Asker: 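Below is the structure I would like to discuss, written out as structure tokens.
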Amino acid sequence: MEKKIIEMRGIVKRFFIGSPNEIEVLKGIDLDVYEGEFLAVVGQSGSGKSTLMNIMGTLDRPTEGSYILDGINIGESKDKELSGIRNKKIGFVFQTYNLIAKTDAIKNVEVPMLYAGMGMRERHEKSRELLEMVGMSDRIHHLPEELSGGQKQRVAIARAMANDPSIILADEPTGALDSQTGRMVMDIFHELHEKHGKTIILITHSPELAQECERIITVKDGEIIGERKGGGRNASD
Ligand SMILES: Nc1ncnc2c1ncn2[C@@H]1O[C@H](COP(=O)(O)OP(=O)(O)OP(=O)(O)O)[C@@H](O)[C@H]1O
Ligand SMILES: [Mg+2]
């Protein structure tokens with residue numbers, strides 16, 4: 001595979017630094033992710049997956065170590081620069097959707113484009129296209145509370161795609177969904193990966209879903225303890 005899009009070396013994350021409660025949640029993570037990969041991250045609850053994801057997504061900074069994201073040294077970037085980098089390069093999908101409650105589907109999808117300074121007409125058009133891509137054309141003016149869990153997650157995926165990011169970070173995106181709805185969400189990720197060439201990093205507790213990815217890394221107590229190849233989309237056939 002070609003270009004490294006994520007390069008992490010010796011990533012350490014501690015919380016409550018300097019207090020008696022200080023804990024080391026990540027203990028020196030080395031990880032390379034290549035452009036266009038579909039990677040699964042698995043591990044027990046509390047092992048540090050979300051902490052790692054937050055650092056990958058530049059929502060948080062490591063205590064130690066270096067992180068290069070698409071050629072940019074994150075450690076040397078100011079917070080202000082980071083928000084712009086994040087908005088352009090990364091789309092986030094969370095277990096609990098994180099949609100804006102008082103705002104309809106299409107406006108939710110527009111938010112990252114608004115921050116990127118895109119004009120209203122273009123925003124609107126792009127949002128419609130993205131909602132169509134995830135099969136939500138008939139619900140564009142519904143509020144989150146008027147949507148099912150699977151529908152909310154599809155809106156969240158459309159929003160994650162808003163600025164055409166190269167990386168999608170998904171933290172337990174199917175965790176709150178029944179298996180059939182989770183399947184549908186997973187199929188959308190496969191499509192984004194195969195047709196749109198997105199790099200996808202998926203945290204999941206499901207061994208079946210992890211197995212569908214190209215590579216699976218296992219985190220335990222803040223360390224990567226294993227790495228193996230997945231079977232890809234048709235793993236279970
Ligand atoms: N902001 C924080 N401050 C203090 N401790 C934290 C913070 N965030 C996470 N932790 C601790 O770090 C450890 C790892 O948490 P993390 O959320 O990364 O686990 P996880 O692997 O995502 O678990 P789960 O599968 O339950 O989501 C936990 O012990 C947690 O209590
Ligand atoms: Mg987590």
Side-chain angles (χ1 to χ4, degrees), residues 6-33 37-69 74-75 77 79 82-83 86 90-99 149-150 152-154 156-157 159-160 165 167-179 181-183 185-186 188-189 198-228 230:
I6 283 176
E7 185 177 323
M8 290 183 147
R9 290 293 176 272
I11 294 289
V12 169
K13 182 68 183 179
R14 296 189 196 98
F15 291 109
F16 311 117
I17 292 167
S19 88
N21 297 329
E22 180 168 322
I23 44 168
E24 192 165 280
V25 171
L26 298 177
K27 298 174 180 165
I29 299 276
D30 297 325
L31 179 64
D32 291 333
V33 181
E37 258 199 295
F38 196 165
L39 180 77
V41 178
V42 302
Q44 286 178 357
S45 181
S47 57
K49 304 182 296 298
S50 294
T51 304
L52 179 62
M53 188 72 99
N54 288 342
I55 292 172
M56 278 182 186
T58 75
L59 294 167
D60 202 356
R61 289 179 186 273
T63 311
E64 285 173 23
S66 79
Y67 176 25
I68 295 172
L69 167 65
I74 295 302
S77 306
D79 288 351
L82 281 191
S83 54
R86 188 187 308 130
I90 301 174
F92 293 93
V93 182
F94 301 99
Q95 179 171 353
T96 51
Y97 326 116
N98 294 15
L99 298 174
K152 279 188 269 218
Q153 198 58 300
R154 284 190 275 161
I157 294 170
R159 179 185 57 185
I167 305 174
I168 304 270
L169 296 179
D171 192 345
E172 288 281 349
T174 66
L177 305 174
D178 62 62
S179 61
T181 311
R183 176 73 265 153
V185 163
M186 196 64 186
I188 295 172
F189 284 126
K198 300 297 170 196
T199 306
I200 301 183
I201 303 175
L202 169 77
I203 296 181
T204 180
H205 277 108
S206 159
E208 291 80 25
L209 296 187
Q211 189 56 32
E212 289 178 24
C213 299
E214 294 171 327
R215 182 159 66 110
I216 302 147
I217 63 166
T218 304
V219 179
K220 188 182 180 195
D221 296 331
E223 291 178 292
I224 294 176
I225 58 154
E227 175 173 332
R228 61 193 170 84

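The basis for the numbers below is simple: all heavy atoms, side chains too, and nothing from hydrogens, waters or symmetry mates. When a ligand or atom number is given, it counts from 1 through the structure's own listing order. Predicted model only: the values in this text are computed from it and were never measured.
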Asker: Between Asn98 and Arg159, is there a side-chain heavy-atom distance shorter than 4.5 Å?
Answerer: yes
Asker: Can you find a heavy atom in the side chain of Val185 that is under 4.5 Å from one in the side chain of Val93?
Answerer: no
Asker: Run through the protein N/O/S atoms less than 2.8 Å from the Mg ion (ligand 2) and write them out by chain and number.
Answerer: Ser50 OG
Asker: Let me know which protein residues bring a heavy atom to under 4.0 Å of ligand 1; chain then number is fine for ordering.
Answerer: Phe15, Phe16, Ile23, Val25, Gln44, Ser45, Gly46, Ser47, Gly48, Lys49, Ser50, Thr51, His205
Asker: Would you call Ile168 and Ile201 a side-chain contact if the rule is heavy atoms closer than 4.5 Å?
Answerer: no
Asker: Sequence neighbours left out, what passes salt bridge (Lys or Arg N to Asp or Glu O under 4.0 Å) with Asp32? Give chain and number order.
Answerer: Lys4, Arg9
Asker: Quick one, Arg183 with Glu212, criterion salt bridge (Lys or Arg N to Asp or Glu O under 4.0 Å). Give me CA distance, side-chain angles, the key distance, then yes/no.
Answerer: CA-CA 11 Å; Arg183 176 73 265 153; Glu212 289 178 24; 2.5 Å; yes
Asker: Report yes if some heavy atom in the side chain of Leu82 is under 4.5 Å from a heavy atom in the side chain of Arg61; otherwise report no.
Answerer: yes
Asker: Side chains of Leu59 and Phe92: closer than 4.5 Å at any heavy-atom pair?
Answerer: yes
Asker: Check ring-ring contact (aromatic ring centres under 6.0 Å, His included) between Tyr97 and all other residues, then give those that pass, not counting sequence neighbours.
Answerer: none
Asker: Spell out, as yes or no, whether a donor-acceptor pair under 3.5 Å connects the side chain of Thr63 to the backbone of Arg14.
Answerer: yes
